[in-house]
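Here is the structure we will look at, set down as structure tokens.
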Amino acid sequence: MESRKNIAAAKKAGGRYNCAQAVVTSYPELTGLSEADAMHLTDAFAAGMATMDGTCGALTGAGIVLGMANKNASATRKQMRSIMTAFMERNKTVTCRELKGAGTHCVLRECPLCVADACEFLERQLAGRPVEEKKE
């Protein structure tokens with residue numbers, strides 16, 4: 001599969017999609033969802049579940065795509081743990097509020113880059129490749 005991370009990041013940067021929507025709508029052949037259904041399904045996952053206190057919506061979107069692609073709860077949970085771990089290693093947190101620097105005024109990662117990261121790790125999992133960052 002050709003990477004969709006730049007497509008998804010551009011969707012988020014364009015302002016029409018929340019982070020979860022940008023991820024889920026970029027993989028329609030894996031989810032079987034129409035654009036409209038994917039948008040409605042992910043409405044509540046904007047801004048860390050609308051409070052910024054929740055998990056980054058891009059990660060939530062990646063979990064939705066994994067579940068629909070795998071149709072195997074055990075495999076999906078295992079892969080999602082790997083994605084979460086890699087995202088945490090790269091960005092220091094998985095919480096929207098912390099990523100956006102709410103309260104600290106120190107943005108750790110902009111939304112389009114969070115979307116790209118989530119898609120990168122999702123695609124690695126779907127391809128059976130490790131998601132861990134290479135230490136140099």
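On a predicted model such as this, the values are computed, not experimentally measured, just so you know.
Taking OG1 from Thr85 and CE from Met80, the interatomic distance works out to 9.5 Å, rounded to the nearest 0.5 Å. Atom CG of Leu41 is separated from atom OG1 of Thr25 by 11.0 Å, given to the nearest 0.5 angstrom. For the atom pair CD (Gln79) and CG (Asn70), the distance works out to 4.5 Å, reported to the nearest 0.5 Å. Between the OH atom of Tyr27 and the CG atom of Leu66 there is a distance of 10.0 Å, given to the nearest 0.5 Å. In this structure, NZ on Lys100 lies 5.5 Å from CD on Glu110, to the nearest 0.5 angstrom. Considering OG1 of Thr95 and CE of Met88, their distance stands at 7.0 Å, rounded to 0.5 Å.
Just one of Leu59, Thr42, Leu30 meets the side chain to side chain contact (heavy atoms under 4.5 Å, CB included) condition when paired with Ile64; it is Thr42. Shown are Ser26, Cys114, Cys111; of these, the side chain to side chain contact (heavy atoms under 4.5 Å, CB included) with Lys12 is made only by Cys111.
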Tell me, with the steps shown, if Thr93 and Leu99 meet side-chain contact (heavy atoms from CB on, under 4.5 Å). CA-CA 7 Å; Thr93 186; Leu99 287 162; 3.7 Å; yes
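Taking the side chain as every heavy atom from C-beta outward, Thr55 and Met84 approach each other to under 4.5 Å. The shortest distance between side-chain heavy atoms of Glu98 and Lys92 does not fall below 4.5 Å.
Met39 shares a hydrophobic cluster with Tyr17; the chain of contacts runs through ILVMFWY side chains whose heavy atoms sit under 4.5 Å apart.
Linking ILVMFWY residues whenever their side-chain heavy atoms come closer than 4.5 Å, directly or via other members, places Phe121 and Leu126 in the same cluster. Met68 and Ile7 are assigned to two separate hydrophobic clusters, defined by single-linkage of ILVMFWY side chains at heavy-atom distances under 4.5 Å. When the side chains of ILVMFWY residues are joined at heavy-atom separations under 4.5 Å, either directly or via intervening members, Val107 and Met52 end up in two distinct hydrophobic clusters.
Heavy atoms only, all atoms of each residue included: Ala62 and Ala118 are closest at CB-O, 4.3 Å. Across every non-hydrogen atom of Val23 and Leu122, the tightest pair is CG1-CD2, 4.4 Å. Of all the heavy atoms in Phe45 and Asn18, the pair that sits closest is C-ND2, 4.4 Å. For the pair Ala9 and Pro112, the tightest heavy-atom approach, listed with the atom from each and the gap, is CB-O, 3.4 Å. Looking at every heavy atom in both residues, Gln21 comes nearest to Arg16 through OE1-O, 4.2 Å. Nearest heavy atoms, Arg4 versus Pro28: NH1-CD, 4.4 Å.
Within 6.0 Å of CE on Met49 lie no more than 12 heavy atoms contributed by other residues, nucleotides or ligands.
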